[in-house]
There are 2 protein chains.
Amino acid sequence: MDKRKRLLESALKLFVEFGFHETPTSKIAKEAGIANGTLFYFFATKDALVIALYTDIKSQMMAHVAKEIENKTSLKEVLKGYYSASLEWAMKHKTKFRFIEQFTNSTYLNKIADEAIQEHLQPIYKLLKQGFKNQVIQKLDVDMIFALVSGHTFSINQYLVTKDFSKNKQAKVIDETFELLWKMLT
Amino acid sequence: MDKRKRLLESALKLFVEFGFHETPTSKIAKEAGIANGTLFYFFATKDALVIALYTDIKSQMMAHVAKEIENKTSLKEVLKGYYSASLEWAMKHKTKFRFIEQFTNSTYLNKIADEAIQEHLQPIYKLLKQGFKNQVIQKLDVDMIFALVSGHTFSINQYLVTKDFSKNKQAKVIDETFELLWKMLT
DNA sequence: TTTGTTACTGACTAAACAGTCAGCAAATTT
DNA sequence: AAATTTGCTGACTGTTTAGTCAGTAACAAA
């Protein structure tokens, strides 16, 4: 019913399958069963559509992660909360996550303010800094630690996507790899 | 002099700056100081040019890495050889490495046979399997370990690129992070 | 000398595409 | 009931771009 939503859904599907530039706006509208010009009624340009889709999905993901960690207290628990909530969300919304990856590795990134991208990372930075103080995390450059954490998360996601495990096995891998990460950092 | 080479160089420069689709073949030819049609004399299509550039750069990188490890013997030494040689090469050829990243995250990847992509990974797989046998590396799924190693490498590269350290500091970070990786795996 | 080949040119074309716009029907306001 | 606004349409256009092709100049082979 909601045409704006339908356009976003079709765009997501086609972008992930064919890429931004290989997906004409006409195809997006057609897939959504909506007139050509309507797309430009809702989104001024194609870029605006792409960016709207990105911020939309990103906030969905962030909402999920935030919810998962709200009741956690210890550093390890919170960090694990971040880690497993991100991976679980990514597994549950593969297409959306693939889109985020695509977007992050494209030139569109420059069109969004840096602050907007980095905004949701702030809590993790704080967490890590707190970890230094309490001497539980190795005292290395925060940016380096951060790079390691996101690299780890990213690669395990790739691994899980290719393997297509059962829910149980998935959870087991997430636990196992978090312990590896924790071992490395502490 | 060599026009084919000049086209590849111009393409590399422009692709990394603007992306594949935002770089018309006409601009590539112009940048190289070569006639429009000549590009299609050397490369049948734009895609063929992109793929040629990829395989070209990839083999340069692989040659460097192979050379660095040829005299190493112990498992740890060889793995470290791979790790640091890759990072050193990436730092020395930032544009080329950025191109590889861009390419890997694009739809072009599907156009290259999987075997060609995975071909150079074989030695690392062998290495890791050997590590299990000798009980020095944790007995986890090889694909998982492999994902962790490449994720680690990739993220430290990102870190080094953003920081722009001196050669010395760079080498230090590479050493340090390899030890972290090794600690995690063993 | 003639014939063929190779490397290269740049004007041209056909197709694709983002974005426009005049207009319409339904809902809302006056 | 009239006027205005909103949501939406789809035919159309100007531009951009990958790829073509007829031709040329230099050199070599027959």
Find the distance [X]:[atom1] to [N]:[atom2] and express it as a whole number of Å.
| X | N | atom1 | atom2 | answer |
| --- | --- | --- | --- | --- |
| B/Phe43 | D/dA18 | CZ | P | 15 Å |
| A/Lys5 | D/dG7 | NZ | P | 17 Å |
| A/Leu49 | C/dC17 | CG | C1' | 15 Å |
| B/Phe40 | D/dT17 | CZ | P | 12 Å |
| A/Lys30 | C/dC17 | NZ | P | 12 Å |
| B/Lys27 | D/dA18 | NZ | C1' | 14 Å |
| B/His21 | C/dC17 | NE2 | P | 12 Å |
| A/Phe42 | D/dT9 | CZ | C1' | 12 Å |

Can you tell whether the side chains of [X] and [Y] come within less than 4.0 Å, N to carboxylate O?
| X | Y | answer |
| --- | --- | --- |
| A/Glu17 | A/Lys27 | no |
| B/Lys96 | B/Glu101 | no |
| A/Asp164 | A/Lys94 | yes |
| B/Arg6 | B/Glu9 | no |

*Rounded to the nearest 0.5 Å, how far does CZ of B/Phe178 lie from CG of B/Leu79?*
4.5 Å
*CG/A/Leu180 to CG/B/Leu181 distance, rounded to the nearest 0.5 angstrom?*
10.5 Å
_Test of ring centre spacing under 6.0 Å for A/Tyr83 and A/His152_ = yes
Please list each protein N or O that sits under 3.5 Å from an N or O in nucleotides 24-27 of chain D, with the distance.
none

*Might you confirm whether atom NZ of A/Lys163 has over 12 heavy atoms from other residues, nucleotides or ligands at distances under 6.0 Å?*
yes
*asked:* Other residues, nucleotides and ligands only: do more than 12 of their heavy atoms fall within 6.0 Å of CG on B/Asn168?
replied: no
*Between B/Glu22 and A/His21, do the side chains contain an N or O donor and an N or O acceptor separated by less than 3.5 Å?*
yes
*Distance-only donor-acceptor check, side chains A/His93 and A/Gln60, under 3.5 Å*: no
*Listed in order of residue number, which residues of residues 6-19 of chain A have a non-hydrogen atom at under 4.0 Å from DNA chain C?*
none
*Using a cut-off of less than 4.0 Å, is there contact between a side-chain N or O of A/Thr25 and OP1 or OP2 of C/dC17?*
no
*What string of B, S and - do you get for nucleotides 9-15 of chain C 5' to 3' if you count protein non-hydrogen atoms under 4.0 Å?*
BB-----
